[in-house]
Amino acid sequence: MTNAVQSVPLLDVSRANEPLRDAFLEVLSEVIDSGRFLFGPDVVKLEEEVASVCQVEHAIGCASGSDALLLAMMALNIGPGDEVIVPSFTFFSSVSCITRVGATPVFVDILPETFNVDPAAIDAAITTRTKAILPVHLFGQCAQIDRICRIAARHDIPVVEDVAQSIGAAYHSRPAGSWGLAGCFSFYPTKNLGGMGDGGMLTSDDAAMADRLRLFAAHGMRPRYYHQVVGINSRLDSFQAAILRVKFAKLAEAVRHRQENAARYSRLLHKAVAAEQVTIPTLDQAAYHVWNQYSLRIRDGKRDALRSYLSEQGVATEIYYPIPVHRQECYRDESFANVTLPETDRACAEILNLPMFPELTAGEQEFVVEKIGEFYSQAARSAA
Ligand SMILES: *Cc1c(COP(=O)(O)O)cnc(C)c1O
């Protein structure tokens with residue numbers, strides 16, 4: 001049979017949402033009828049559901065993953081003069097939460113196999129000013145969070161996990177977001193549990209931390225109109241929570257589809273291209289990977305040429321991330337110029353993220369890999 005696929009999108013959220021349209025409309029009309037647009041029952045129930053999959057006592061809704069990270073910094077009383085250890089190969093928010101409270105990010109390099117932060121580099125970066133360690137569970141796979149937590153415990157430093165891309169992931173069977181003092185989640189539409197707008201959540205097993213997170217997310221106000229601390233206004237609204245609960249019920253199944261798709265990509269790529277040219281993702285044996293992204297390394301400086309070829313052929317790809325956070329323009333006046341992170345730089349130059357979502361079809365994946373194979377066979381012919 002010939003492949004009828006003409007183009008493949010990076011992500012098509014409507015394939016997940018369309019079959020759920022009636023369920024969405026039903027829960028949204030319940031929210032309208034209730035009149036409880038903030039702090040409604042769906043927010044409370046979603047908090048309970050996320051706490052339960054993460055096996056923690058407390059979950060606190062907030063307005064975004066970025067706010068979750070910022071609130072964790074605020075609740076830990078982190079500020080000027082304090083250092084927070086963080087990777088630079090991540091989305092901006094993992095770092096902006098640190099500089100936003102006036103503290104200093106101390107950047108550490110990643111492991112080339114998984115793109116996740118290197119625990120040994122964290123250990124070496126600890127000083128008397130270190131106030132927190134902020135590992136990121138990148139692309140759906142946990143960092144070596146057991147080692148990171150052991151290092152942190154030895155120095156009595158809190159760990160804040162950035163779980164924005166990895167809800168439902170685990171390490172040694174223990175859920176992401178349950179290892180550190182706090183876990184920070186995002187419901188941005190492209191995440192594994194994606195809403196129809198912004199949303200976020202914090203998890204914690206520590207009652208005092210959970211209480212401070214709630215306080216800071218609500219203007220530091222307790223009781224009403226009496227402000228104990230200068231907090232922010234960051235809430236998950238009832239409409240988003242209602243939508244997210246419908247999708248939450250399908251999360252485990254969606255993750256299984258992502259895992260099947262990842263395995264299929266790896267099988268197909270293994271046959272189509274040489275491992276020296278295209279490196280397929282490495283699975284950490286301790287990790288339950290939830291595949292928010294399927295990330296290749298494209299060797300020999302061919303990444304951008306391959307990406308243009310795929311784009312011409314109708315295959316959308318993305319580069320997460322083209323430049324490390326410490327080199328971003330907004331930090332040009334900071335003292336990060338002498339930070340050297342060779343693996344981070346190499347990842348930025350080599351990484352290519354393929355279309356990945358639960359409803360991606362086998363035919364679409366075959367099309368993607370066929371086009372990658374074509375790029376290399378044409379290159380081989382023109383070199384001959
Ligand atoms: C998406 C993301 C965030 C931010 O989440 P938002 O909900 O978009 O604010 C933070 N960290 C990482 C690693 C992310 O991928």
Side-chain angles (χ1 to χ4, degrees), residues 10-11 13 43 46 50 59-74 84-101 105 107-108 110 114-117 132-143 145 148 159-169 176-177 179-180 182-203 213 217 232-237 239-241 243-244 247-248 258 289-295 318-326 328 330 344 347-348 351 353 356-357:
L10 190 68
L11 171 64
V13 290
V43 177
L46 185 69
V50 171
I60 300 119
C62 64
S64 68
S66 303
D67 271 9
L69 289 157
L70 181 62
L71 286 163
M73 294 298 107
M74 295 173 90
V84 178
I85 300 174
V86 68
S88 186
F89 189 68
T90 179
F91 181 64
F92 182 63
S93 305
S94 318
V95 178
S96 63
C97 66
I98 301 165
T99 56
R100 182 49 68 200
V101 297
F107 294 104
V108 287
I110 53 167
T114 60
F115 304 102
N116 270 322
V117 65
I133 298 170
L134 205 166
V136 181
H137 302 305
L138 206 61
F139 301 149
Q141 176 161 247
C142 281
I145 192 69
I148 294 167
V159 171
V160 173
E161 299 172 71
D162 184 340
V163 202
Q165 299 181 6
S166 299
I167 190 166
W179 289 82
C184 305
F185 294 78
S186 166
F187 304 129
Y188 184 78
T190 65
K191 309 295 164 125
N192 280 18
L193 181 58
M196 295 189 180
D198 279 311
M201 197 162 284
L202 284 139
T203 52
L213 290 168
I232 58 174
N233 171 20
S234 185
R235 291 185 279 238
L236 181 66
D237 68 76
F239 283 119
Q240 287 306 329
I243 295 276
L244 287 162
K247 297 186 86 170
F248 182 85
R258 287 177 182 273
H289 197 324
V290 296
W291 297 101
N292 181 246
Q293 297 296 328
Y294 187 89
S295 313
E318 191 47 276
I319 296 170
Y320 302 115
Y321 296 92
I323 49 172
V325 179
H326 74 278
Q328 293 288 347
C330 59
T344 295
C348 289
I351 200 153
N353 302 84
M356 172 52 88
F357 50 100

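Numbering of ligands and ligand atoms starts at 1, following listing order. Position 1 is the first residue of the sequence, and the numbers go up from there.
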OH-NE2 distance between Tyr294 and His289, expressed to the nearest 0.5 angstrom: 9.5 Å

Need the list: ligand 1 N/O atoms against protein N/O atoms, distance under 3.5 Å, rounded to one decimal.
{"unit_1": "ligand 1", "atom_1": "5 (O)", "unit_2": "Ser186", "atom_2": "OG", "d": "3.3"}
{"unit_1": "ligand 1", "atom_1": "7 (O)", "unit_2": "Gly65", "atom_2": "N", "d": "2.8"}
{"unit_1": "ligand 1", "atom_1": "7 (O)", "unit_2": "Ser186", "atom_2": "OG", "d": "2.6"}
{"unit_1": "ligand 1", "atom_1": "9 (O)", "unit_2": "Gly65", "atom_2": "N", "d": "3.4"}
{"unit_1": "ligand 1", "atom_1": "9 (O)", "unit_2": "Ser66", "atom_2": "N", "d": "2.8"}
{"unit_1": "ligand 1", "atom_1": "9 (O)", "unit_2": "Ser66", "atom_2": "OG", "d": "2.5"}
{"unit_1": "ligand 1", "atom_1": "11 (N)", "unit_2": "Asp162", "atom_2": "OD1", "d": "3.3"}
{"unit_1": "ligand 1", "atom_1": "11 (N)", "unit_2": "Asp162", "atom_2": "OD2", "d": "2.8"}
{"unit_1": "ligand 1", "atom_1": "15 (O)", "unit_2": "Gln165", "atom_2": "NE2", "d": "2.8"}
{"unit_1": "ligand 1", "atom_1": "15 (O)", "unit_2": "Lys191", "atom_2": "NZ", "d": "2.8"}

I'd like to check Ile167 versus Val290 (side-chain heavy atoms, cut-off strictly below 4.5 Å). Are they in contact? no

Within the structure provided, determine whether Pro135 and Ile145 are in side-chain contact (heavy-atom separation under 4.5 Å). yes

Can you name the one residue among Thr344, Val95, Val117 that meets side-chain contact (heavy atoms from CB on, under 4.5 Å) with Phe107? Val95

With sequence neighbours left out, what residues match Phe139 under ring-ring contact (aromatic ring centres under 6.0 Å, His included)? Phe115

With Asp162 as reference, evaluate Ser94, Ser93, Ser186 under the side-chain hydrogen bond (donor to acceptor under 3.5 Å, both in side chains) test and give the passing residue. Ser94

